[in-house]
Structure formats: C-alpha cells, structure tokens
Amino acid sequence: MTAGELLVEGRALLTEDLEESPVRIVVRDGIICNIEDLPSNQDTLPWIIPAFFNAHTHLGDSIAMDMPSKGTLDDLVKPPDGLKHRILQSASREDLVRGMRLTLKTMVFGGTAGCADFREGGTAGVLALRAAAEGIPCTTIVFGRDGGEDIAHGLGISSARDIPGGLDELVSRARQAKRLVAFHAGEKDQEDLDLALEYEPDLLIHCTHATRPQLRRIADLGIPVVVCPRANWTFRVASSSRHPPVRHLLTLGSAVLLGTDNVMCVQPDMWREMSFLSTVYRIPARDVLRAAMLGASVFSRPSFIAEGNRANFLLIDPRISNLCLSRDIPRTLVNRAGPADIVRKVINL
C-alpha cells in the first residue's frame with residue numbers, strides 16, 4: 001500500500017492498449033494522478049506493468065493439491081459428490097483456511113492483486129475464505145453457492161444442468177439483491193450453454209466447446225468470458241487450440257479474461273497461464289496480457305496504468321537477467337518473465 005506521494009519511473013505499458021512508453025508515474029494516496037513522458041532513450045529503466053487479476057479460481061481446492069486421482073471431469077469436480085467436494089466436506093475449517101491463505105500468498109508473490117473465486121460450502125465456505133484473505137493485499141471477489149451467495153459478491157453456478165430445479169429462483173434472488181451471476185458453461189460440451197445464456201449472466205466461465213452461433217450470442221449480449229486453458233487440458237476437455245475458442249472470442253470483440261481454475265490440479269500462476277495461452281493458442285502477447293489484467297475492470301476497479309486509476313502495478317527489472325535483451329517487451333513478459341523478475345509491487349486495493 002502507498003500513502004502520500006510516490007514517484008516511479010520506467011518503461012510502462014499504458015492504458016488498456018498496453019502501449020509501451022518511458023514515463024514518470026506520480027501516485028498520491030494510492031491513485032495515479034499524473035503520467036509524465038520521459039526521453040525515449042531510457043533502456044535501463046525497469047518495466048512497469050499492471051498487476052494481474054486471476055478471473056477464476058477455486059481456492060478451497062488447495063487442500064487437495066496434486067492428490068492422485070483419475071476419472072472424468074464429473075468424477076473430479078461435479079457437485080455434490082465429485083472428489084473435490086468429498087475432500088472439502090471432510091476437511092476441518094482450520095485446514096481449509098490455512099490452505100486458501102497459503103495459496104493467496106503465493107498468488108500475491110507472483111504479482112496477482114485480485115481474483116474471482118467460486119466458493120463451495122455455503123455461508124461457512126464464504127466466511128472461511130474471508131478469514132483466509134484477511135490482511136492479504138489481494139482483492140477477492142467471491143461467488144457463493146448453497147446459500148453462500150447471500151453474503152457473497154455473487155452467485156456461482158457450477159453448470160445449469162447441475163441444478164435440475166430452482167435455478168430460476170436462485171438467479172432471481174441474486175438479481176433482486178443486485179449480486180453478480182456467473183455460470184460455468186460449455187466446459188465439457190456445448191449442451192449447458194444455451195440454458196445459461198437464457199439468464200443473461202454477468203460472467204461465463206470456460207465456453208470451451210461453444211459453437212459459433214453461441215459465441216455470436218455471447219458477444220451480442222456483451223458477456224465477459226473467462227478462459228482457463230491449462231485446466232481444460234488437465235481435465236482432458238480440450239486437446240487443441242480450437243478449445244476454448246479464444247481467437248474467435250477476440251475476433252467477435254468479446255471481453256476475454258484469464259483464470260487458472262482448480263488449485264487442486266493447476267497452480268494459480270498467471271505467468272504460466274499466459275505462456276500456455278500464447279504458445280498453444282498463438283494469441284498476440286498484448287491480448288494475452290490484457291486478459292490477465294482485465295478482470296480488475298470487470299469485478300472491481302480498473303488497474304490499467306492511466307491517470308485516475310488506482311495504482312496497482314509491478315516493477316520488473318530486466319537488468320537482473322537476460323530479459324534486458326528483449327526486442328519486444330510484451331512477448332518477453334508473456335513467455336519468459338516470472339515472479340523472480342518482480343522487484344517491487346505497488347498495490348492499492
């Protein structure tokens with residue numbers, strides 16, 4: 001956190017366009033109040049980039065990290081009897097809170113300043129996450145279920161087909177309370193996506209197998225989509241760059257956010273997620289970076305580096321490694337950089 005005035009100089013990726021420019025950033029009371037241009041011959045300056053926002057996590061799964069398992073996606077994560085749910089139900093609150101807290105600290109170490117979490121366990125589950133997040137500089141947006149949505153930021157539906165009755169009432173209650181509504185949809189096939197779209201949710205997770213007509217409808221409705229490519233591959237619901245259809249989503253102008261999904265199987269490391277998205281899906285580096293940062297604009301406050309925004313950014317020192325040889329800063333950040341290259345975090349929640 002920053003109080004008073006802070007001056008930072010560097011080669012910054014500015015605004016949502018992430019255009020590179022050597023600048024001096026003036027921060028007062030946590031707000032970027034001025035950005036001043038510097039001479040262009042500033043190759044020795046650190047790089048300044050917005051902090052990451054992990055747009056989809058299941059932090060409770062930390063207690064089941066890398067547990068030997070086999071079976072289908074439903075066997076592992078479908079409520080109420082999937083492997084992860086059985087583990088969560090048998091865990092003590094102390095172990096659950098400790099696991100989530102350690103994972104949040106790991107995320108912050110890697111430059112993540114916010115996340116959107118789907119929290120199982122009803123009201124008790126949401127309260128456990130709040131306890132885990134206390135004092136950690138990471139904005140934690142919570143999507144609850146099984147009653148937990150009543151004290152959370154929103155309602156998180158695992159899949160429209162997982163709730164054979166009562167879905168209308170759940171969504172209606174959330175809308176009346178002015179809470180967000182998010183659906184997992186299109187993860188293992190496209191069959192549950194049309195039903196989810198009938199509710200015009202605030203957010204869709206995965207859309208791994210969305211059809212072109214469904215993607216057009218998503219774009220027309222202006223619904224942001226969180227893609228979690230490493231988890232899709234880990235759970236064997238994707239095996240090519242067509243799933244999820246990231247490039248087509250971007251072509252249609254949809255807001256694409258990046259998330260890491262289940263901590264049980266995937267480390268919530270946005271550097272690894274970006275590199276995977278860039279390498280496997282051949283997405284341009286700036287689009288990848290934007291997806292890793294855009295969640296802050298959707299869920300809380302924009303953290304792109306622009307006057308008037310909150311100061312939530314990372315300083316990367318390329319001089320401590322071969323990053324100084326970079327001819328393209330966004331590509332180098334996406335494919336080569338990592339937590340060890342962060343020399344300072346300026347975080348104002």
Side-chain angles (χ1 to χ4, degrees), residues 52-110 112 115-122 124-126 128-129 131-133 136 138 140-146 148 152 156-159 162 182-188 205-206 208 226-239 243-244 257-277 295:
F52 302 127
F53 191 102
N54 191 333
H56 185 60
T57 60
H58 286 274
L59 295 171
D61 297 359
S62 300
I63 59 172
M65 187 182 296
D66 294 332
M67 174 170 286
S69 60
K70 60 182 179 180
T72 66
L73 178 67
D74 286 352
D75 294 332
L76 297 175
V77 301
K78 183 179 179 179
D81 299 318
L83 174 64
K84 63 169 270 180
H85 295 278
R86 299 198 303 273
I87 293 170
L88 288 171
Q89 290 162 9
S90 64
S92 69
R93 186 179 190 276
E94 180 182 7
D95 286 344
L96 180 64
V97 170
R98 176 176 178 271
M100 292 191 292
R101 188 169 182 82
L102 286 172
T103 294
L104 280 166
K105 287 182 175 180
T106 300
M107 291 165 60
V108 170
F109 175 76
T112 294
C115 67
D117 192 72
F118 270 51
R119 186 75 277 272
E120 296 87 353
V126 173
L129 178 52
I136 294 178
C138 183
T140 306
I141 305 299
V142 186
F143 287 89
R145 57 179 65 161
D146 302 324
I157 303 295
S158 60
S159 168
D162 291 343
F183 279 78
H184 289 76
E187 186 174 8
K188 66 178 183 179
I205 317 296
H206 297 305
T208 313
V226 184
V227 296
C228 309
R230 284 191 301 153
N232 286 168
W233 283 68
T234 299
F235 288 129
R236 299 192 297 278
V237 295
S239 58
H243 306 290
L257 284 58
L258 197 59
T260 57
D261 204 2
N262 299 72
V263 182
M264 177 172 67
C265 298
V266 177
Q267 186 74 339
D269 183 332
M270 296 298 279
W271 298 101
R272 291 182 183 180
E273 201 72 37
M274 289 195 301
S275 180
F276 190 90
L277 183 60

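Residues satisfying the side-chain contact (heavy atoms from CB on, under 4.5 Å) test with Ala182, not counting sequence neighbours, are Phe118, Phe143, Leu203. Listed by chain and residue number, Arg101, Leu104, Lys105, Val108, Cys138 satisfy the side-chain contact (heavy atoms from CB on, under 4.5 Å) test with Ile136 (two or more places apart in sequence, or in another chain). Every side-chain contact (heavy atoms from CB on, under 4.5 Å) that Arg98 has, sequence neighbours left out, goes to Leu102.
Here the straight-line distance linking atom CZ of Arg119 with atom CD1 of Ile141 works out to 15.5 Å at 0.5 Å rounding. Interatomic distance, Ile157 CD1 to Ile205 CD1, rounded to the nearest 0.5 Å: 11.5 Å. From Leu96, atom CG reaches atom CG of Leu129 across 8.5 Å, with rounding to the nearest 0.5 Å. Within the model, atoms OG of Ser275 and CG of Asp269 stand 10.0 Å from one another, a figure rounded to the nearest 0.5 Å. Atom CE of Met65 is separated from atom CE of Met264 by 11.0 Å, given to the nearest 0.5 angstrom.
Among all heavy-atom pairs drawn from Ala152 and Val142, the shortest one is CB-O, 3.3 Å. The nearest pair of heavy atoms linking Met107 to Cys115 is CE-CB, 3.7 Å. Heavy-atom minimum distance, Gln267 versus Arg230: O-NH2, 2.7 Å. Taking every heavy atom of both residues into account, Phe235 and Cys265 meet most closely at CE2-SG, 3.7 Å.
A donor-acceptor pair shorter than 3.5 Å can be found between the side chains of Thr208 and Asn232.
Considering only heavy atoms from C-beta on, Leu258 stays 4.5 Å or farther from Phe276 through its side chain. When side chains are defined from C-beta on, Met100 does not count as touching Val263, because their heavy atoms never get closer than 4.5 Å. Using a 4.5 Å heavy-atom cutoff, the side chains of His184 and Asp162 are not in contact.
Residue His56 forms a side-chain hydrogen bond (donor to acceptor under 3.5 Å, both in side chains) with just one option from Thr260, Asp261, Asn262, and that option is Asp261. Screening Cys228, Pro244, Ser159, Pro229 for a side chain to side chain contact (heavy atoms under 4.5 Å, CB included) with His206, the sole residue that qualifies is Cys228.
When atom types are taken as modelled, the side chain of Thr103 and the backbone of Gly99 share a donor-acceptor pair closer than 3.5 angstrom.
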